Amino acid sequence: MYTHLRRFFTIALIAATCVFNLPARADEPTQHEAGKVAQAVNEEEHKIEHKLEEHEAKFNIGDMIMHHIADSHEWEFSHGVAIPLPVILYSEDRGIEVFMSSKFHNEHHEYNGYHLVHGDSEQIVPVDESRKVYDFSITKNVASMLLSALILILVFTSIASWYKNSKGKAPKGFNSAMEVIILFIRDEVVKPNVGPKYEKYLPYLLTLFFFILINNIMGLLPGSANLTGNIAVTMTLAVLTFIVVHLNANGNYYKHLVKPTGVPVPLLLIMIPVEIVGVFMKPFSLMVRLFANITAGHIILLSLFGLIFIFQSIVIAPVISLFALFLNFIEIMVAFIQAFIFTLLSSMYIGSAIEEHSHADHGH
């Protein structure tokens, strides 16, 4: 819209200038002067269109956003600064092949019979389409997941070691802050929703909360990976909750699926499919909610920064930067909220599956 408005006002200004600066010579025909005006306007219009086309070719905001939120075979911190990651491929004819993704940095993005395809997500495909290749590469998201797992292991082994060696002492600093969060999740989320047997599920739910939280926050750092904005990751987390729920569910839970309490027999033909669909909708909602919220936040921030390159104005840049800074604080809050909601709903689903009495509402 901005491009069309700029083009309209520029053409209007050129036309007005040509009209008011025409030599007032009565002996020349009016049609000749009008032809000059039209020719000048057309020439300027072609120049503007050419410049706009060049500008759009140089910067495509859609491609920029997809490039930053999609997975990649290299970790790019900024434009031109990237770390190549290991490519691990397996095929029946060649076995295991390991090399760095920098091997694809050539004109055709090909190496050793493989081609790196750039699109919504990067894929490595064999040049010979008849070959079947399995890709186990360490991509940007995988590397980020391993890094977050290492951080969690170091943090919690350090906290556990401190509590083990400092019995009876009050925690200070970082340990004190972590204790507040852990006790909040235990006392306000897990215990009320899971019930008396909460201790069995507390390690899983705490791991779930802190894994989502640390990756949400890491995703806001410059040059970081969009791990929790990857639907494959959120699907895996949702499937884990689904497995925990149904491996530990008691007979009352499954009885409720086959014959919901208080439902007349004729309505069972409708209610049983509804209950079964509901079983799969719970992990589906967990998956989509986390994915959509995190991805939407990244897209909004990247769109704001993209406006600076579209307008190319020193006036608009500070305004957008301040607004983006404000949204970054909102995103930090969203990072905590989404981790909390995922853990809360997982606790509710587990609690409804292990309830002893037969009148459980099962999350309905």
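Just so you know, these numbers come straight off a predicted model, no measurement behind them.
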4.5 Å side-chain heavy-atom contact, His115 and His109: yes

Joint cluster assignment, Phe280 & Leu237, ILVMFWY side-chain distance < 4.5 Å: yes

Side chain Ser166, main chain Trp162, donor-acceptor under 3.5 Å: yes

Linked, directly or transitively: Phe209 and Ile332 (ILVMFWY side chains, under 4.5 Å): yes

Which residues share a salt bridge (Lys or Arg N to Asp or Glu O under 4.0 Å) with Lys197, sequence neighbours left out: Glu356

OG1 on Thr234 to CG on Leu227, rounded to 0.5 Å: 9.5 Å

Side-chain heavy atoms of Leu85 within contact of Met100, under 4.5 Å: no

Hydrophobic cluster (4.5 angstrom, side-chain heavy atoms) - remaining members for Tyr111: Val87, Leu89, Phe99, Phe104, Tyr114, Leu116, Ile124, Val133

In one Ile/Leu/Val/Met/Phe/Trp/Tyr side-chain cluster, 4.5 Å: Met333, Leu344: yes

Asn293 side chain vs Arg289 backbone, donor-acceptor pair below 3.5 Å: yes

Please tabulate, for side-chain N and O atoms in residues 296-307, each donor-acceptor pair with protein atoms closer than 3.5 Å (sequence neighbours left out).
{"residue": "His298", "atom": "NE2", "partner": "Asn226", "partner atom": "OD1", "Å": "3.1"}
{"residue": "Ser303", "atom": "OG", "partner": "Ile299", "partner atom": "O", "Å": "2.7"}

Side-chain donor/acceptor of Asn250 to backbone N/O of Glu355, under 3.5 Å: yes

Cluster overlap Val245 with Val258, hydrophobic side-chain contacts below 4.5 Å: no

Spatial distance of atom CD (Gln338) from atom CD1 (Ile212) [nearest 0.5 Å]: 9.0 Å

Minimum heavy-atom distance between His73 and Ser101, given as atom pair plus value: O-OG, 2.7 Å

Qualifying residues under ring-ring contact (aromatic ring centres under 6.0 Å, His included), relative to Phe156, sequence neighbours excluded: Phe210

Minimal non-hydrogen separation, Thr295 against Gly229, with atom names: OG1-O, 3.1 Å

Residues forming a ring-ring contact (aromatic ring centres under 6.0 Å, His included) with Tyr201, sequence neighbours excluded: none

Inter-residue atom distance Asn328.CG - Glu331.CD, 0.5 Å rounding: 7.0 Å

Side chain to side chain, Ile337 and Ile341, heavy atoms closer than 4.5 Å: yes

Side-chain donor-acceptor contact under 3.5 Å, Tyr198 with Ser347: no

Exercise: identify the closest heavy-atom pair between Phe211 and Leu152: CA-CD1, 3.8 Å

Gap separating the CD1 atom of Ile214 from the OG atom of Ser144, nearest 0.5 angstrom: 9.0 Å

Residue pair Leu205 / Ser346, side-chain heavy-atom distance below 4.5 Å: yes

Trace of the side-chain contact (heavy atoms from CB on, under 4.5 Å) decision for Leu290 with Asn216: CA-CA 10 Å; Leu290 180 58; Asn216 285 352; 4.3 Å; yes

Where at least one partner belongs to residues 185-196, residue pairs that pass side-chain hydrogen bond (donor to acceptor under 3.5 Å, both in side chains), sequence neighbours excluded: none

Side chains of Ile350 and Val244 in contact at under 4.5 Å (non-hydrogen atoms): yes

Residues clustered with Ile96, ILVMFWY side-chain links under 4.5 angstrom: Ile88, Tyr90, Val98, Tyr134, Phe136, Ile138, Val142, Leu146

For His246, ring-ring contact (aromatic ring centres under 6.0 Å, His included) partners two or more places apart: Phe242, Tyr253

Modelled atom types, side-chain donor and acceptor of His105 and Glu74, under 3.5 Å: yes

Pairwise distance OG(Ser224) to CD1(Ile217) - rounded to 0.5 angstrom: 11.5 Å

Residues which pass salt bridge (Lys or Arg N to Asp or Glu O under 4.0 Å) with Arg131, listed by chain and number, not counting sequence neighbours: Asp93

Any donor-acceptor N/O pair, Asn215 side chain to Gly219 backbone, under 3.5 Å: no

Those residues that, when tested against Glu97, pass salt bridge (Lys or Arg N to Asp or Glu O under 4.0 Å) (two or more places apart): Arg94

Exercise: identify the closest heavy-atom pair between Pro171 and Tyr163: CG-OH, 3.5 Å

Within one Ile-Leu-Val-Met-Phe-Trp-Tyr cluster: Phe184 and Val190, side-chain cutoff 4.5 Å: yes

Ser148 versus Met218, closest heavy-atom pair with distance: CB-SD, 4.0 Å

Phe329/Leu325 under side-chain contact (heavy atoms from CB on, under 4.5 Å): CA gap, chis, key distance, verdict: CA-CA 7 Å; Phe329 285 109; Leu325 182 63; 3.9 Å; yes

Pairwise ring-ring contact (aromatic ring centres under 6.0 Å, His included) hits with a residue in residues 213-240, at least two apart: none

Modelled atom types, side-chain donor and acceptor of Asn141 and Thr139, under 3.5 Å: no

Members besides Leu247 in its Ile/Leu/Val/Met/Phe/Trp/Tyr cluster (side-chain heavy atoms under 4.5 Å): Ile231, Met235, Val239, Ile243, Val277, Met281, Phe284, Met287, Val288, Phe291

Test item: Trp75 side-chain N/O and Ala143 main-chain N/O as donor-acceptor pair under 3.5 Å: no

From Leu213 atom CG to Ile181 atom CD1, the distance as rounded to the nearest 0.5 Å: 7.0 Å

Verdict with supporting geometry, Leu208 and Leu240, side-chain contact (heavy atoms from CB on, under 4.5 Å): CA-CA 10 Å; Leu208 195 64; Leu240 287 175; 5.9 Å; no

Minimal non-hydrogen separation, Thr343 against Ala339, with atom names: OG1-O, 2.8 Å

